[in-house]
Number of protein chains: 4
Amino acid sequence: MARKEVPSLVKDEKLIEKRRGEMVKAAVNLFKENGFHRTTTREIAKASGFSIGTLYEYIRSKEDILYLVCDSIYEGVREKLNEQIGTTEGSVDHVKKAIAVYFNVVDEMQDEVLVMYQEAKSLSREALPYVLKRELEMTAIFEELIRQTVEQGELDLNEEEVRLLAHNILVHGQMWTFRRWSLRKEYSLEEYTNMQTQLLLYGVKNKSLI
Amino acid sequence: MARKEVPSLVKDEKLIEKRRGEMVKAAVNLFKENGFHRTTTREIAKASGFSIGTLYEYIRSKEDILYLVCDSIYEGVREKLNEQIGTTEGSVDHVKKAIAVYFNVVDEMQDEVLVMYQEAKSLSREALPYVLKRELEMTAIFEELIRQTVEQGELDLNEEEVRLLAHNILVHGQMWTFRRWSLRKEYSLEEYTNMQTQLLLYGVKNKSLI
Amino acid sequence: MARKEVPSLVKDEKLIEKRRGEMVKAAVNLFKENGFHRTTTREIAKASGFSIGTLYEYIRSKEDILYLVCDSIYEGVREKLNEQIGTTEGSVDHVKKAIAVYFNVVDEMQDEVLVMYQEAKSLSREALPYVLKRELEMTAIFEELIRQTVEQGELDLNEEEVRLLAHNILVHGQMWTFRRWSLRKEYSLEEYTNMQTQLLLYGVKNKSLI
Amino acid sequence: MARKEVPSLVKDEKLIEKRRGEMVKAAVNLFKENGFHRTTTREIAKASGFSIGTLYEYIRSKEDILYLVCDSIYEGVREKLNEQIGTTEGSVDHVKKAIAVYFNVVDEMQDEVLVMYQEAKSLSREALPYVLKRELEMTAIFEELIRQTVEQGELDLNEEEVRLLAHNILVHGQMWTFRRWSLRKEYSLEEYTNMQTQLLLYGVKNKSLI
DNA sequence: AATGAATGAGCGTTCATTCAT
DNA sequence: CATGAATGAACGCTCATTCAT
């Protein structure tokens, strides 16, 4: 199960790529504003600069657009992540760096990320697994990094904790977009990143431990 | 800004309360299954046991129902929380207890919680603040508890960290519903609660600290 | 398998009957003119004096209208036939009478009959059998009449021939509508009836028999 | 009024003939399966092995294809008929032979015949007469044959009866395709041919005559 | 002569909402 | 207070046809 094939009536693969890119871009903006259900296919066509007929030359259904949007956003996030993280032996510093990079990417693409997490539920039972797969792939990046750091002896976590920590990192990134109505008022991205990194890795300074 | 007033054509306040309760109950079940947009007012009326005409005697628009649903779910969570947490001086044990209680409540009402977080975005700009307010109230419960624990000297956090920790607790509860497709496979609620409590309060056992 | 149930959102059975009657009437006229596929649901709604929304309160799909149209036409033909033929012991005179009555009915309802035979093929595989059943019921009326006449000893036919003759009568009736572009130019209904009756029952005066 | 001229953007007459032949062949198969209205021009182009653009180089509109299809089917039936009947002086045996041949041809081309009679009504008022003309030409073949047989003194029919009998023969052939859902269950082609020939020419053995 | 991307009018259908009873 | 028939704007989608290449 790699990526879902979305059939098109147009034959030129290059053109498909290009046109779909334009459509996805327009769709993201509209979904951002009004959500998937409140956005009409005509609006998407118009905002992409195509007729409704042309839109349907490149997709089969409105839901295809949502899938392409989700897929494209994941791809965007992943790409930026890979660019900036690179592969190294694991270390706590590297994990911290990765968290910062990830939070940065999420911040840059906050609208897209928000759209994806809020609308993905509208995907059909057929398409959903492909998107969840992508989410797991992203989690896996952090899992691997943490696992290596554990292997290097810099962190002390069992396998289950590794996975949960990776989950938590992902979620805190998403929350920066989900709850921005609240978080943005209180923290800058840098503050949020520093504080969450601190809490994620060291927890609360806790006198009861003593 | 307390609760939003939803006007009704019916005068009898008792009746309004009762009927709306029935409508909300039916609506939650339908939203759970099909989401807000895919649920029709006719379906809600039918599932509530009323005619479509009667439905509109008690609300003005479909969105009113969504508002009432969100409000009612928050109320449900809050009620259960208050019942089981009570007010005490703060202590780390008390915080742990509260986390466990909260995660439990979220687990019991997982469908409702999911509905609320996924559909609230469909509320109009007018209604949304009322719901976000509710979210802040819930955060405040944990903030207060943590703040007291800090005051008791059992935790060492500044005000910003108090708020972020409260926020994180909330988020990890929601995450149990949001990401259940993945988490449920790996952990039981108890495991999840224990591990998250551990990570939230003590962070990762971290040799680099030494 | 009696008649196909066509669900309606409206509860009042009397009203359903009435409204559907109006819709069918309007639809027949439009189908006559433009055929089923070229007629839009909006045209049918308008010609019935309803909004498009009201139309869909009484039917589920455009095809339902076609089914109701076919059903209603068969019912019309059958009713008129039963009214005028009555049940008697079979006799050649009675058969002749029945043919004349049937041809008359077909002539009166020629537009409807034409519509039915030309458009029934557009019914779904699910609905078609119900309509074919109706056709067989009509054939059965003539079969029975002929069979009785054979039993009375006035005609000499085996069972297969009885059925084929009944079938031929039906077909010659339909032919009066199908090929009216040609037949009408040459014969009046009375002439057509007389000549076909003659040919059906006595065949060609045939010297080679001698 | 011979055959309708269908303009083409292509000059090469040979090529037009060839390409249209391929298009018609593909179209017949598709119309058979789904009817004229449910078949798209794209499907026809694809099934013919051409692009949609090329299709429109050889016809002006979808309806042109229907006309060509009908014309081609008539031509096919006529050709087969001429091949096998030949021209002779009329005789009852010859008429019987012609009926058998015609029923055979109709049986062989039953799908095509069905398509033609069911879809011809979708032709525009402009094209329809050309197709009806073809039908009359076919009737004329039988009229002539019967007329000759009358002249030979083997049958006793006036001119009107000649024409009606020819009509009836045509119609009974068509009915073998139209009503095959019923007839095929009861009779083989041979039985049907024999019985109809019997009834057409000799009518019912009728004791009331005596 | 051949291609196929582009077009947009028009289709069948839905559903939140109203209002006469 | 309760009902449910009526409404029509708006939706997702199709497909015959055109025309630049």
Side-chain angles (χ1 to χ4, degrees), chain A residues 8-12 15-16 19 37-46 49-65, chain B residues 8-12 15-16 19 37-46 49-65, chain C residues 8-12 15-16 19 37-46 49-65, chain D residues 8-12 15-16 19 37-46 49-65:
Chain A
S8 164
L9 294 177
V10 173
K11 295 177 179 181
D12 184 335
L15 199 53
I16 293 178
R19 292 276 187 266
H37 280 105
R38 290 177 138 73
T39 302
T40 70
T41 52
R42 275 179 175 82
E43 284 170 343
I44 297 171
K46 190 165 186 193
F50 306 121
S51 69
I52 183 67
T54 300
L55 187 82
Y56 275 90
E57 292 275 308
Y58 292 90
I59 50 137
R60 290 164 309 170
S61 67
K62 191 184 172 190
E63 202 212 300
D64 274 353
I65 303 178
Chain B
S8 163
L9 295 176
V10 175
K11 305 289 166 197
D12 184 337
L15 199 53
I16 293 178
R19 293 274 190 266
H37 281 104
R38 289 175 144 70
T39 301
T40 68
T41 51
R42 266 184 165 101
E43 285 169 340
I44 297 171
K46 189 166 186 192
F50 308 122
S51 69
I52 184 68
T54 300
L55 189 82
Y56 274 88
E57 296 277 315
Y58 292 90
I59 49 136
R60 289 163 311 167
S61 69
K62 191 184 172 190
E63 202 213 299
D64 276 352
I65 302 177
Chain C
S8 164
L9 293 177
V10 173
K11 296 176 176 180
D12 185 335
L15 198 54
I16 293 178
R19 292 274 186 269
H37 280 105
R38 288 177 140 73
T39 301
T40 69
T41 51
R42 276 179 176 81
E43 286 169 342
I44 298 171
K46 190 164 186 192
F50 306 122
S51 70
I52 185 65
T54 299
L55 187 82
Y56 274 89
E57 293 274 309
Y58 292 91
I59 50 137
R60 289 165 310 169
S61 68
K62 192 183 172 192
E63 203 212 298
D64 274 353
I65 303 177
Chain D
S8 163
L9 294 176
V10 175
K11 306 287 165 198
D12 185 337
L15 199 53
I16 293 178
R19 293 275 190 266
H37 281 105
R38 289 174 143 72
T39 302
T40 68
T41 50
R42 266 184 164 101
E43 286 169 340
I44 297 170
K46 188 166 187 191
F50 306 124
S51 70
I52 184 68
T54 300
L55 189 82
Y56 275 87
E57 296 276 313
Y58 292 91
I59 50 136
R60 289 164 310 167
S61 69
K62 191 183 172 191
E63 203 212 298
D64 275 352
I65 302 176

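Below, chain A is the first sequence line, B the second, and so on; all start at residue 1.
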Return the polar atom pairs (N/O with N/O) between nucleotides 19-21 of chain E and the protein under 3.5 Å, or none.
none

Atom-pair distance ([atom1] on [X]; [atom2] on [N]), nearest Å:
{"X": "Ile44(D)", "N": "dA16(F)", "atom1": "CD1", "atom2": "P", "result": "8 Å"}
{"X": "Glu43(B)", "N": "dA16(E)", "atom1": "CD", "atom2": "C1'", "result": "13 Å"}
{"X": "Lys46(B)", "N": "dG4(F)", "atom1": "NZ", "atom2": "P", "result": "12 Å"}
{"X": "Ile52(A)", "N": "dA6(E)", "atom1": "CD1", "atom2": "C1'", "result": "13 Å"}
{"X": "Arg19(A)", "N": "dG4(E)", "atom1": "CZ", "atom2": "P", "result": "16 Å"}
{"X": "Ile59(A)", "N": "dG12(F)", "atom1": "CD1", "atom2": "C1'", "result": "10 Å"}
{"X": "Ile16(C)", "N": "dA5(F)", "atom1": "CD1", "atom2": "P", "result": "8 Å"}
{"X": "His37(A)", "N": "dT14(E)", "atom1": "NE2", "atom2": "P", "result": "15 Å"}

Applying the Watson-Crick and G-U wobble criteria at under 3.5 Å, what pairs with dG4(E)? Answer none if nothing qualifies. dC19(F)
Taking pairing as Watson-Crick or G-U wobble with both contacts under 3.5 Å, can you name the mate of dA9(E), or confirm there isn't one? dT14(F)
Smallest separation among heavy atoms of Ile16(D) and Val10(D), with atom names: CD1-O, 3.2 Å
5′-ward residue of the pair Lys62(A)/Asp12(B) relative to DNA chain F: Asp12(B)
Is the backbone of Glu57(C) close enough, under 3.5 Å, to the side chain of Ser8(C) for a donor and an acceptor to pair up by distance? yes
Calculate, to the nearest 0.5 Å, the distance between atoms OG1 and CD1 belonging to Thr40(B) and Ile52(B) respectively. 7.5 Å
Give, for atom CG of Leu55(C) and atom CZ of Arg42(C), the distance between the pair rounded to the nearest 0.5 Å. 10.5 Å
Side-chain N or O of Thr54(B) closer than 4.0 Å to phosphate OP1/OP2 of dT3(F): yes
Under 4.0 Å between any heavy atoms, over every strand shown, what does [X] touch: base, sugar-phosphate, or nothing? Just pick one.
{"X": "Thr41(C)", "result": "base"}
{"X": "Arg38(B)", "result": "nothing"}
{"X": "Leu9(B)", "result": "nothing"}
{"X": "Ser8(A)", "result": "nothing"}

Considering only heavy atoms and no angle criterion, is a donor-acceptor pair shorter than 3.5 Å present between the side chain of Arg42(C) and the base of dT13(E)? yes
Looking at the side chain of [X], which of [options] is the nearest nucleotide?
{"X": "Phe50(A)", "options": "dT7(E), dC11(F), dA5(F)", "value": "dT7(E)"}
{"X": "Val10(C)", "options": "dA5(F), dG8(F), dA16(F)", "value": "dA5(F)"}
{"X": "Thr40(C)", "options": "dA16(F), dC11(E), dG4(E)", "value": "dC11(E)"}

